[in-house]
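Below is one structure; the comments refer to it alone.
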Amino acid sequence: MPRPKKCRQLSSCVPCSLFKPNGIPAVELTHIQLEADEFEALELGDVKRLSQLEAAAMMGISRQTFGYLLANARKKVATAITQGQVLRLPTQADKDLL
C-alpha cells in the first residue's frame, strides 16, 4: 500500500490554461497534463533558481520528492515541445486539490 500523499504548499499563479503548436486545433493533438506541483517545481527550480533544498522547504516536501517533480515536469515540457503536443497547465481547481 503506497504512502499517503503529503499536502504541498503552492504559490505560483498559472498565466494560461495550455500551450500548443501554432496553426493546429488543440482537439487534433495529443495532450500532456502538467500537474500543479510539477508547475510549482518548475517555477521555483528553473525560474526563481532556488536550490532543491530551499524549494522543497517552501513546498513542504522532501528534497528527493522535489527532484522527482522537477524531472517529471521537465520531461513533460520537453516532450510537448519536441513532439508538437498540447501542454495543459494546472487550473486553480487543480491546485485546490493538493
Side-chain angles (χ1 to χ4, degrees):
M1 184 167 154
R3 282 179 55 188
K5 202 172 188 179
K6 236 181 164 182
C7 287
R8 291 144 192 220
Q9 300 169 9
L10 306 177
S11 61
S12 295
C13 182
V14 182
C16 58
S17 62
L18 62 86
F19 283 97
K20 70 172 196 68
N22 247 353
I24 305 170
V27 295
E28 295 177 13
L29 298 169
T30 304
H31 291 229
I32 297 176
Q33 177 67 47
L34 191 65
E35 302 301 329
D37 51 359
E38 293 168 338
F39 183 85
E40 180 80 4
L42 274 178
E43 171 78 14
L44 296 175
D46 290 343
V47 177
K48 293 185 177 177
R49 306 294 296 164
L50 297 177
S51 71
Q52 286 193 4
L53 201 56
E54 293 170 319
M58 287 183 72
M59 289 181 70
I61 57 177
S62 72
R63 189 220 45 87
Q64 187 171 10
T65 299
F66 179 82
Y68 289 140
L69 289 173
L70 188 57
N72 287 341
R74 287 174 175 167
K75 182 176 181 181
K76 288 180 179 182
V77 170
T79 300
I81 291 171
T82 60
Q83 297 181 7
Q85 299 176 349
V86 173
L87 183 64
R88 290 187 136 317
L89 300 175
T91 62
Q92 187 60 43
D94 296 330
K95 285 183 160 191
D96 292 341
L97 294 175
L98 291 178

Hits for side chain to side chain donor-acceptor pair (under 3.5 Å) against E28, two or more places apart or cross-chain, chain-then-number order -> none

R63 meets the salt bridge (Lys or Arg N to Asp or Glu O under 4.0 Å) criterion, sequence neighbours left out, with none

N72 meets the side chain to side chain donor-acceptor pair (under 3.5 Å) criterion, sequence neighbours left out, with none

*asked:* Before you tell me yes or no, could you show the steps for K76 and E35 under side-chain contact (heavy atoms from CB on, under 4.5 Å), namely the whole-Å CA-CA distance, both residues' side-chain angles and the distance that decides it to 0.1 Å?
replied: CA-CA 10 Å; K76 288 180 179 182; E35 302 301 329; 4.1 Å; yes

A80 and I32 have their tightest heavy-atom pair at N-CD1, 3.9 Å

By salt bridge (Lys or Arg N to Asp or Glu O under 4.0 Å), K20 pairs with (sequence neighbours left out) none

Minimal heavy-atom distance between H31 and A26, with the atoms involved, is NE2-O, 3.0 Å

- Taking it one step at a time, do T65 and D37 satisfy side-chain contact (heavy atoms from CB on, under 4.5 Å)? CA-CA 10 Å; T65 299; D37 51 359; over 6 Å; no

**Study point:** Co-membership, hydrophobic cluster, residues Y68 and L42, 4.5 Å side-chain
**Key:** no

Heavy-atom nearest pair, L89 first then F19, reads CD1-CE1, 3.5 Å

Heavy-atom nearest pair, L70 first then Q52, reads CD2-NE2, 4.4 Å

Between T79 and Q85, the two heavy atoms sitting closest are CG2-OE1, 3.7 Å

Those residues at least two apart in sequence (or on a different chain) that pass side chain to side chain contact (heavy atoms under 4.5 Å, CB included) with S51 are L53, E54

For V86, the hydrophobic cluster (side chain heavy atoms closer than 4.5 Å, chained through members) also holds L18, I24, L29

Heavy atoms of F39 and P90 approach each other most closely as CB-CG, 3.8 Å

| Where do Q83 and T30 land on the side-chain contact (heavy atoms from CB on, under 4.5 Å) test, with the steps shown first? | CA-CA 9 Å; Q83 297 181 7; T30 304; over 6 Å; no

